[in-house]
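First comes the structure, then the notes that go with it.
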Amino acid sequence: MLRPPHKRYHLLHLYAFSGTHPALRDFPDPDFIGCWEEEDLTVLFFHREKPGLAERICRDYGLTFELSATVPYADWGEGRRLRPFRVGPLVLAPVWEEGPADLYYDPGVVFGSGAHPTTQLMLSALWDFAQSRGLSGRRVVDLGCGSGLLTLVAARLGAQVLAVDRNPLCVALARKNLSLNGLSAEVREADLRSLLPFSADLVLANLYKGLLLDLLGLPSFRTASYYLLSGFTSSMEAEIQEVAKAAGLALDYRSEKEGWVCLGLQNPKT
């Protein structure tokens, strides 16, 4: 995340380690961007190179150094050549943009910069859902919230949102982005399966195919009224639709962009 004195990202200096330690989530360094944790891997991000950091982390926190790298921010992840964009009439802009916008966000280094086709598909589908069915007062669950863009838009449109991610950096960034815009939502660090079953009017799930298939196969997941799913390509779509149909969910919406697909599924039992 951006912290003073830094106002935007340029170069990312990464340091990867085997092992994790909770103290590294808020590392005391003015150039610290964040700590990515996944399984038994920790990646620390900085705005500037940190000579001697690897040795210090191994000595003080008991981790094992794996590698370091320097990456231009524009080339990180799904691409970070970011500019303001629209969701319906709403303008979303990176926090460093000076022009007017309806929602500002810090894209950080996690998924959800707004540049990936699946994020764009989900945002568009969310807007269409809001126009056709309304979101005000509805219970929305955002699974794998990343930077929180879907949560921001849903909250702005009046929904009561529960956002979930197992990555602590995503949770911290989503909370920051809500605060930037004076919005509120519940954001939890958790394995999303631990929340099942839940009651929701709308579930947002931009996840990888294997996890979507696992979830669709669980009766405890199929308790919401409506689902917007993405994170898979057109070549994977038939398998997703087959499992969804077998689970009793009816296809209600479909959109595609650059080979990626978003599906809207209605639960007739709710």
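Side chains are part of it too, since the values below use all heavy atoms of this structure and drop only hydrogens, waters and symmetry mates.
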For residues Ser225 and Asn267, is any side-chain donor paired with an opposing acceptor at under 3.5 Å? no
Check whether the side chains of Glu37 and Thr42 place a donor and an acceptor atom closer than 3.5 Å, and report yes or no. no
Tightest non-hydrogen contact, residues Ala224 and Val203, listed as CB-CG2, 3.6 Å
Quick check against the 3.5 Å criterion: does Arg222 have a side-chain atom that pairs as donor or acceptor with the backbone of Leu216? yes
Can you tell if the side chain of Leu123 reaches within under 4.5 Å of the side chain of Leu150, non-hydrogen atoms only? yes
Considering all heavy atoms of both residues, which atom of Ala185 and which atom of Thr151 are nearest to each other, and what is their separation? CB-CG2, 3.9 Å
Side chains of Tyr9 and Trp96: does their closest heavy-atom pair fall under 4.5 Å? yes
Got a second to check how far Leu63's CG is from Phe17's CZ, nearest 0.5 Å? 7.0 Å
Between Leu135 and Leu202, is the side chain to side chain contact (heavy atoms under 4.5 Å, CB included) condition met? List the steps. CA-CA 9 Å; Leu135 269 183; Leu202 173 63; 4.1 Å; yes
Could you please spell out the steps behind the side chain to side chain contact (heavy atoms under 4.5 Å, CB included) verdict for Arg133 and Arg138? CA-CA 10 Å; Arg133 301 167 185 259; Arg138 288 186 179 270; 4.2 Å; yes
When you measure from the side chain of Arg3 to the backbone N and O of Phe32, does any donor-acceptor pair fall under 3.5 Å? yes
Take atom CD in Glu242; do more than 12 heavy atoms of anything else shown fall under 6.0 Å from it? no
Mind checking whether Tyr61 and His21 have ring centres under 6.0 Å apart? yes
Do any N or O atoms from the side chain of Ser194 and from the backbone of Ala190 form a donor-acceptor pair under 3.5 angstrom? no
So Trp127 and Leu157, do their side chains get closer than 4.5 Å, heavy atoms only? yes
According to a 4.5 Å side-chain heavy-atom criterion applied to Ile, Leu, Val, Met, Phe, Trp and Tyr, with indirect links allowed, do Tyr227 and Leu121 form part of one hydrophobic cluster? no
Any idea which heavy atoms bring Val140 and Ala159 closest together, and the distance? CG2-CB, 3.7 Å
Flag yes if Leu178 and Tyr104 sit in one hydrophobic cluster, no otherwise; membership is Ile, Leu, Val, Met, Phe, Trp, Tyr, and two members link when side-chain heavy atoms are under 4.5 Å apart. no
For the pair His47 and His6, name the ring-plane relationship: parallel under 30°, tilted 30 to 60°, perpendicular over 60°. parallel
Shortest non-hydrogen pair, Asp106 vs Ser147, comes out as O-CB, 4.4 Å
CA sep, side-chain torsions, deciding dist, call: Leu215, Leu207, side chain to side chain contact (heavy atoms under 4.5 Å, CB included): CA-CA 10 Å; Leu215 290 172; Leu207 305 168; 3.9 Å; yes
With no hydrogens and no angle check, is any side-chain donor or acceptor of Gln120 less than 3.5 Å from a backbone partner on Gly114? yes
Side chains of Leu90 and Leu92: does their closest heavy-atom pair fall under 4.5 Å? yes
Taking every non-hydrogen atom, the tightest pair across Pro117 and Glu258: CG-OE1, 3.4 Å
In this structure, is the centre-to-centre distance between the rings of Tyr208 and Phe232 below 6.0 Å? no
Tell me which one of Leu44, Val109, Leu14 satisfies side chain to side chain contact (heavy atoms under 4.5 Å, CB included) with Ile33. Val109
Starting from the C-alpha separation in whole Å, work towards a yes-or-no answer on salt bridge (charged side-chain N to carboxylate O under 4.0 Å, His left out) for Arg254 and Glu237. CA-CA 10 Å; Arg254 182 189 185 278; Glu237 179 184 2; 2.7 Å; yes
With no hydrogens and no angle check, is any side-chain donor or acceptor of Lys176 less than 3.5 Å from a backbone partner on Leu2? yes
Electrostatic pair Glu186-Arg175, nearest N-O below 4.0 angstrom: no
Does Lys209 pair with Glu239 as a salt bridge, N-O distance under 4.0 Å? yes
Distance from Thr70 atom OG1 to Leu11 atom CG, nearest 0.5 Å? 6.5 Å
Cluster overlap Met122 with Leu212, hydrophobic side-chain contacts below 4.5 Å: no
Donor-acceptor contact present, side-chain Arg81 to main-chain Asp75, <3.5 Å: no
Could you go through Leu196 and Leu218, starting from their C-alpha distance and side-chain angles, then the distance that decides it, and tell me whether this counts as side chain to side chain contact (heavy atoms under 4.5 Å, CB included)? CA-CA 9 Å; Leu196 302 178; Leu218 297 174; 3.9 Å; yes
Between CG on residue Asp40 and OG1 on residue Thr64, distance to nearest 0.5 Å: 8.5 Å
Find out whether Asp165 and Arg188 are in side-chain contact, i.e. whether some heavy atom of one side chain is under 4.5 Å from a heavy atom of the other. no
Using a distance-only test with no angle check, is there a side-chain donor-acceptor pair under 3.5 angstrom linking Tyr226 and Asp252? yes
Kindly say whether the aromatic ring centers of Trp76 and Phe45 come within a distance under 6.0 Å. yes
Could you give the distance from CD (Glu256) to OG (Ser230), rounded to the nearest 0.5 Å? 10.0 Å
Nearest 0.5 Å, what's the SG-CG distance between Cys35 and Leu24? 5.5 Å
Quick one: do Val153 and Tyr105 end up in the same hydrophobic cluster if we chain Ile, Leu, Val, Met, Phe, Trp and Tyr together by side-chain heavy atoms under 4.5 Å apart? yes
So, do Asn177 and Leu149 sit near enough that their side-chain heavy atoms are less than 4.5 Å apart? no
Would a single hydrophobic cluster contain both Leu173 and Leu12, if residues Ile, Leu, Val, Met, Phe, Trp and Tyr are joined by side-chain heavy-atom contacts under 4.5 Å? yes
Nearest heavy-atom pair of Gly217 and Val243: which atoms, and what distance? N-CG1, 4.5 Å
Quick one, Arg48 with Asp31, criterion salt bridge (charged side-chain N to carboxylate O under 4.0 Å, His left out). Give me CA distance, side-chain angles, the key distance, then yes/no. CA-CA 6 Å; Arg48 296 188 177 96; Asp31 298 322; 2.5 Å; yes
Check ion pair Arg8-Glu97 (N to O, under 4.0 angstrom): no
Look at the side chain of Tyr15 and the backbone N and O of Lys50, then say whether any donor-acceptor pair between them is shorter than 3.5 Å. yes
Arg156 vs Asn181 side-chain heavy atoms within contact, under 4.5 Å: no
Close side-chain approach of Ser68 and His13, heavy atoms under 4.5 Å: no
To the nearest 0.5 Å, atom CG of Asp102 lies from atom CG of Leu152 at 12.0 Å
